[in-house]
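A note on names: the letters A, B, ... follow the listed sequences, proteins ahead of strands, and every chain is numbered from 1.
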Protein chains: 2
Amino acid sequence: MEPTRPSQDLVRALTDEHVLRALMRHRRLTRAELAAEIGISKPTAGESVRRLTERGLVADTGERTQGGRGRGRVGSYYAIAPTVGVALAITITPAGVVTECIDVYGDTVARAVRQVDRTTWPRQVAAALRESVAEACVAADLDSATVVNGAAAVNSATAVGGAAAMGGAAVAGGAEGGGAAQRRPIRLAVIGAADPVDRSSGRLVHLPDAPFLVGELDPVALLDPIEVVVDNDVNWAALAEPDRARDFAYLFLGDGLGCAIVSDGAIRRGHSGLAGEVAHVLTTGPGGRSVPFIDVFRELGLRRPGSTAIDGDRLLKTDPADREAIGSAVSGVIAAIVAFVDPREVVIGGTWGPALIEEIGEATGRSPRPVPLRVAAAGIGDPVLAGVRAEALDRLRASLIA
Amino acid sequence: MEPTRPSQDLVRALTDEHVLRALMRHRRLTRAELAAEIGISKPTAGESVRRLTERGLVADTGERTQGGRGRGRVGSYYAIAPTVGVALAITITPAGVVTECIDVYGDTVARAVRQVDRTTWPRQVAAALRESVAEACVAADLDSATVVNGAAAVNSATAVGGAAAMGGAAVAGGAEGGGAAQRRPIRLAVIGAADPVDRSSGRLVHLPDAPFLVGELDPVALLDPIEVVVDNDVNWAALAEPDRARDFAYLFLGDGLGCAIVSDGAIRRGHSGLAGEVAHVLTTGPGGRSVPFIDVFRELGLRRPGSTAIDGDRLLKTDPADREAIGSAVSGVIAAIVAFVDPREVVIGGTWGPALIEEIGEATGRSPRPVPLRVAAAGIGDPVLAGVRAEALDRLRASLIA
DNA sequence: GATACAAGGCAAGAGGGTTGACTAGTATTG
DNA sequence: CAATACTAGTCAACCCTCTTGCCTTGTATC
């Protein structure tokens, strides 16, 4: 170790971080533009770009300025090097697995969907996950390969066959870069799964008597060399809510029951990651008896036969009395949320929750501490995937800056 | 504005912060010791001390080294300047008001206690708060004045009469320093009150049908020029728990009901500061009906007549059936805590809670997601005051470093 | 071709930090 | 009692990063 001058290192690191962030925002900038944008001098900007280029994080795009900018010398555009790699954003539901590759700009550069047959999914999910990732890998490699070297297409097509695509060329850290066609490594994966997730292991867990949709799965082991972050889909959906408050709860009422807790601006997961697993909260059941939330649906005969899931379709066809009973039960859960989380608002999502917001609101209005309710934002596309994407982008960017 | 060199300013600020923190830890250090402690060079330490002395944050204590340290030149001890001031740590309960002055080292330099008559407290609390603060101010001023100049004692004794002591000499920012006896300003106050506290206003609020012990009070207005932080006493008591987990809940079961939520290592207060107000959580009441937690005590006839408080003394004399009913009701509340907070453990405190931990534990053990219970640490002295002190110390230190 | 103008590089200098030598001052030791 | 050992603090020289001002380079316009 050389004597290390911590303070000076810190200053330099800060400058480099500013440059990287500016390039993430604007995609490409000349050194002069960087200086103006960040508020540093031109020589400093130039030095930082030189350092970052040496580290492989930044590259000259080859593009030159003169885009009708009038007279003056042409400038060189720099951008984040494509070789820094991508992140995977993955959602796992009973219906299938969706995998997307996103780059540092948040663009989706590849997408793969694997449907799973509902009746046999417990076995197929792991295979679907592997295949979906491999497929997205190939697509992303092709994408970058066609830019650098069209011939690489043949090479990566062979990787379709199996999981070899993952352990081989495209895994993070393996920036061998021997040939002309340098692959983009996968730096990390963020996964949203439609079941409770254990915080420490990242495994899907089956809570007693609670709906269990995807089944036993260990995504961390399946994607082994890659850094993997797994969490409940409801948490990710909450992350995607627009204009979200610093303190709110996202109550998901669908085939499964879930709740995301956002407190002081961040998702709170609890000790083992199971904060928001509402199945066993005591609430008012039919007849005014105190029962766990999930049992309300059993007692009303609304659980899917042979499964732990709630039958949302049949639930929506129940008579007013049952709907009122459900509204009352949900309002009991909301009372507990109000007591322990004190949210500014409660967002109601899921397949059947928004349809019952009238009944829920009426019951909540009668409680001693009413709270504003809101239906989850529809948005475009899958809100879970949107949240997973946002997290993947954040972490991908952070991994470059660190 | 001069051109400002942001990066270098940052480095200097960091060095000064390190020096201040080292002095807070060790109370007094020579410049050579500072350099060794922080890992900076001697000239840098000397420069930082010079800057901080100029800003009035650090002062030469007059003490010299040679405490049997063997041969060598004597060094000058520096310390945080006494004139930087103190913070107030205050607890407000139905029994009275306790005010302590603490310095940057966490030492209590003055203490004042004002008892309040239980039967007439609603009016007297505000007066008691004012008097208690004034008394502590005088004591603290005497303390510092005797060090600097004994004659100042007469001067501050006159301040006992009323709130003038606060608006006058001892208020933060007024570092007039005209005479030789420079007072220590009060930089801030942290208050623990035995009732729900509104997060935005700092006022004590009365939730419908919940126990209300202290009564309407606006501590922020009462201590006006000083920065004031007010929070529920249960939250502060949780802060004082030794070896606390990153995720736990502190359930307070006494005359009032309360719960502190610690998630990801910090106390979570919710949108309006009412997170943990458990009175209206639905739980299992006598006979298995779903009732709000607080109503369990009404139905069992355990609320104090003419008041909203729970009668802890009578509660402890109930028969086994009632105790079991209470244990069951508490376990329902704990089930909700487990669902929304997912704590590593639940700490039971308050006047009667620990006595019923057997019954509570038994009922909790039967739930689908049992959680370890623990009786709140006894500790020495008032746990609430300990937590308030800790927060006051933190904020006092932060106010110097910023 | 002369001119205007922007990108980028070079040289000088500011300001924080570090090193190493030096001074000052106190104990121990012969 | 003088020599010695040892420590606190300072000084001078230097490193590193950033900034400013000037210069060069190269393109577009007049």
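Evaluation of the salt bridge (Lys or Arg N to Asp or Glu O under 4.0 Å) rule for Arg12(B) yields Asp9(B) as partners, not counting sequence neighbours. Partners of Arg28(A) under the salt bridge (Lys or Arg N to Asp or Glu O under 4.0 Å) rule, at least two apart in sequence or in another chain, are Glu63(A). In this view, Asp60(B) and Arg64(B) satisfy the salt bridge (Lys or Arg N to Asp or Glu O under 4.0 Å) rule, not counting sequence neighbours. The side chain to side chain donor-acceptor pair (under 3.5 Å) check on Glu17(A) picks up Arg21(A), with sequence neighbours excluded. Annotation: side chain to side chain donor-acceptor pair (under 3.5 Å) contacts of Ser7(B) (sequence neighbours excluded): none. Shown here are the salt bridge (Lys or Arg N to Asp or Glu O under 4.0 Å) partners of Glu391(A), two or more places apart in sequence or in another chain: Arg395(A). Every residue was checked against the side chain to side chain donor-acceptor pair (under 3.5 Å) condition with Asp103(A), not counting sequence neighbours, and none meets it. Considering only residues two or more places apart in sequence or on other chains, Val228(B) meets the side chain to side chain contact (heavy atoms under 4.5 Å, CB included) condition with Ala189(B), Ile191(B), Val220(B), Leu223(B), Val230(B). For the side chain to side chain donor-acceptor pair (under 3.5 Å) test, residues two or more places apart in sequence or in another chain that qualify with Glu47(B) are Arg50(B).
Following rounding to the nearest Å, Glu17(B) (CD) and dG17(C) (P) show an atom-to-atom distance of 14 Å. Here dA7(C) presents its P atom at 15 Å from CG of Asp60(A), a figure rounded to the nearest Å. Regarding Ile38(A), its CD1 atom lies at a distance of 11 Å from the P atom of dC18(D), rounded to whole Å. Gln8(A) places its CD atom 17 Å from the P atom of dC14(D), with the value rounded to the nearest Å. At whole-Å resolution of the value, NE2 in His18(A) and C1' in dT17(D) are 15 Å apart. As rounded to whole Å, 8 Å separates atom P of dC18(D) from atom CD of Glu47(A). One can place CG of Asp9(B) at 12 Å from C1' of dA14(C), the figure rounded to the nearest angstrom. Atom pair Leu29(B):CG and dA8(D):P shows a separation of 12 Å (rounding to whole Å applied).
Rounded to the nearest 0.5 Å, atoms CZ (Arg27(A)) and CG (Asp107(A)) are 4.0 Å apart. Atom CG of Leu239(B) and atom CD1 of Ile267(B) lie 4.5 Å apart (nearest 0.5 Å).
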Distances for protein N/O vs nucleotides 9-13 of chain C N/O pairs under 3.5 angstrom?
residue	atom	partner	partner atom	Å
dG9(C)	OP1	Arg31(A)	NH1	3.4
dG9(C)	OP2	Arg31(A)	NH1	3.4

With 3.5 Å as the limit, what N/O pairs link the protein to nucleotides 28-30 of chain D?
none

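Contacts of Thr44(B) with the nucleic acid, taken as non-hydrogen atoms under 4.0 Å apart, include base atoms.
No hydrogens or angles considered: a donor-acceptor pair under 3.5 Å links the side chains of Arg187(A) and Ser399(A).
Side-chain proximity of Ser41(B) to dG9(D), dT18(C), dA7(C): nearest is dT18(C).
End-to-end axis angle of the helix from dG1(C)-dC30(D) to dG30(C)-dC1(D), from C1' rotation axes over five pairs per end: 30° (rounded to 10 degrees).
Using a 4.0 Å cut-off, no side-chain N or O of Thr65(B) falls inside it from OP1 or OP2 of dA8(D). Phosphate contact (OP1/OP2 of dC18(D), side-chain N/O of Thr15(A), threshold under 4.0 Å): present.
Of the two residues contacting DNA chain D, namely Ala32(B) and Asp16(A), the nearest-nucleotide position lying further toward the 5' end is that of Ala32(B).
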